[in-house]
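Have a look at the structure below before the remarks.
First listed ligand is number 1; within each ligand, the first listed atom is number 1.
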Amino acid sequence: MNSTIMATLGGVDTINLELPKVDLSGLSITSFNEKAWAIVRLKISQALEILCGFEVIYNEISPELRNELLGVVVPELFANKLGDSEQLPYHGKFFKKSGFPFFAILILYLQFKNMQILFGPKEMTFFDKLTLLNFTKQMREFMQIIHRMILESLGLEDHYESHIKSLLYSIRFANYYKDVSDKGNIIVLPPHKDPNYISIVCQNNVDGLEVENTCDEWIKTKPSTNSFTVLVGEAFKAWTNGRLHAPNHRVKLSKEITKRYAVVFSTVPSLTNDIIDAPKELIDEQHPLLFKPFKYYDYIKYRFTEGDKDEDALKVYCGV
Ligand SMILES: O=C(O)CCC(=O)C(=O)O
Ligand SMILES: [Fe+2]
């Protein structure tokens, strides 16, 4: 692999390859140019074959909105004492992992009926909520384009309407911090796969996210002010009967960086009907069923308790 320059960082190899890049400029979910749509869809399907993680240019979120969100709203959110609500699985300010005192993650579910934020933190000001709403409105359309492109590349366009209706949107805010005295590059968020369908990661100027490819090499993401990192999660892996892969990823901060914020917009099954069951079109002799149908929020409870030790929790939980 002569195009690959190996660099050793903190004892773990990171390679100088880049994630596949896709440009959604000019595309919208409601009216679109079929030729432009097909070109982008082909790029996405190639990216899915390579890695199931890719960088996407999406200009509908302005750099100003990104700055407002990641430079003001999110830091304020973490500066205030947030409620420790854990009424729902995988929700609230709960995420801590032993050995990783470097991050805090807050997770919210979003309800779009009346553009309301379901279970949002009471501490947010009106203006912060407005910024968040503007962001989530755009992200929802962005997410729908990604889901539609993926379903079409799998020949499942007929499932799009019902699939998209079955989803709930969720947003997580991540706050990473380390001391100047922490020498070297530090993995602040351990390697993991996201449990949801799709994650779209939005950061602001501070890099750190790395994605593992199938050769166990870590690729650094380098998003710009108009791009995002899209990652497939385990729910999509199961729903597509393993056609999609859920890449491992982690966050590593280099020695001079002590702070990083990120916002991850993601799709999860609805709270009322959360059974993940692969469509019959994706099951045949060459592709036997890989995962028994399962309830997503039961899996989440397992994954963040006993399943925490599993190398592949999804397979242990519902693998055939
Ligand atoms: O901070 C990031 O870039 C990624 C966060 C992440 O992987 C997650 O919240 O699941
Ligand atoms: Fe993640």
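- Applying the ring pair (Phe, Tyr, Trp, His ring centres under 6.0 Å) criterion to H245, with sequence neighbours excluded, gives no partner residue.
- Listed by atom number, the atoms of ligand 1 under 4.0 Å from Y176 heavy atoms are 1 (O), 2 (C), 4 (C), 5 (C).
- Near V251, meaning under 4.0 Å from one of its heavy atoms, ligand 1 places the atoms 1 (O), 2 (C), 3 (O), 4 (C).
- Using a 4.0 Å cut-off between a side-chain N of Lys or Arg and a carboxylate O of Asp or Glu, E141 and K137 do not qualify as a salt bridge.
- A donor atom on one side chain and an acceptor atom on the other are found under 3.5 Å apart for Y169 and Q144.
- The pair K237-D194 fails the salt-bridge criterion, with no side-chain N (NZ, NE, NH1 or NH2) lying under 4.0 Å from an Asp/Glu carboxylate O.
- Here H249 has side-chain heavy atoms under 4.0 Å from ligand 1, and that is the only part of it that gets that close.
- Judged by the shortest distance from any of its heavy atoms, R250 lies outside the 4.0 Å radius around the atoms of ligand 1.
- Using cut-offs of 30° and 60° for the angle between ring planes, the Y58 and F228 rings count as perpendicular.
- The contact set between ligand 1 and V264, taken as ligand atoms under 4.0 Å from a residue heavy atom, comprises 5 (C), 9 (O).
- Within ligand 1, counting atoms from 1 as listed, the ones closer than 4.0 Å to a heavy atom of D194 are 10 (O).
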* To do: Applying side-chain hydrogen bond (donor to acceptor under 3.5 Å, both in side chains), run through R172 and N196 and close with a yes or a no.
  => CA-CA 12 Å; R172 32 188 204 276; N196 43 254; 3.2 Å; yes
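- Distances from the Fe ion (ligand 2) to each N, O or S atom of D194 single out OD1 as the nearest.
- The residue T229 has no part lying near ligand 1, judged by heavy-atom distances below 4.0 Å.
- Aromatic ring pairs are classed by plane angle as parallel below 30°, tilted from 30° to 60° and perpendicular above 60°; the pair H163 and F236 is parallel.
- The ligand atoms of ligand 1 that sit less than 4.0 angstrom from a heavy atom of L189 are 5 (C), 6 (C), 7 (O).
- Proximity to L209 (heavy-atom distance under 4.0 Å) selects the following atoms of ligand 1: 3 (O), 4 (C).
- With E210 as reference, R250 is the one residue of R250, H249, K220 to meet the side-chain hydrogen bond (donor to acceptor under 3.5 Å, both in side chains) rule.
- At least one heavy atom of R172 sits less than 4.0 Å from an atom of ligand 1.
- Each of the atoms 2 (C), 3 (O) of ligand 1 lies under 4.0 Å from some heavy atom of V201.
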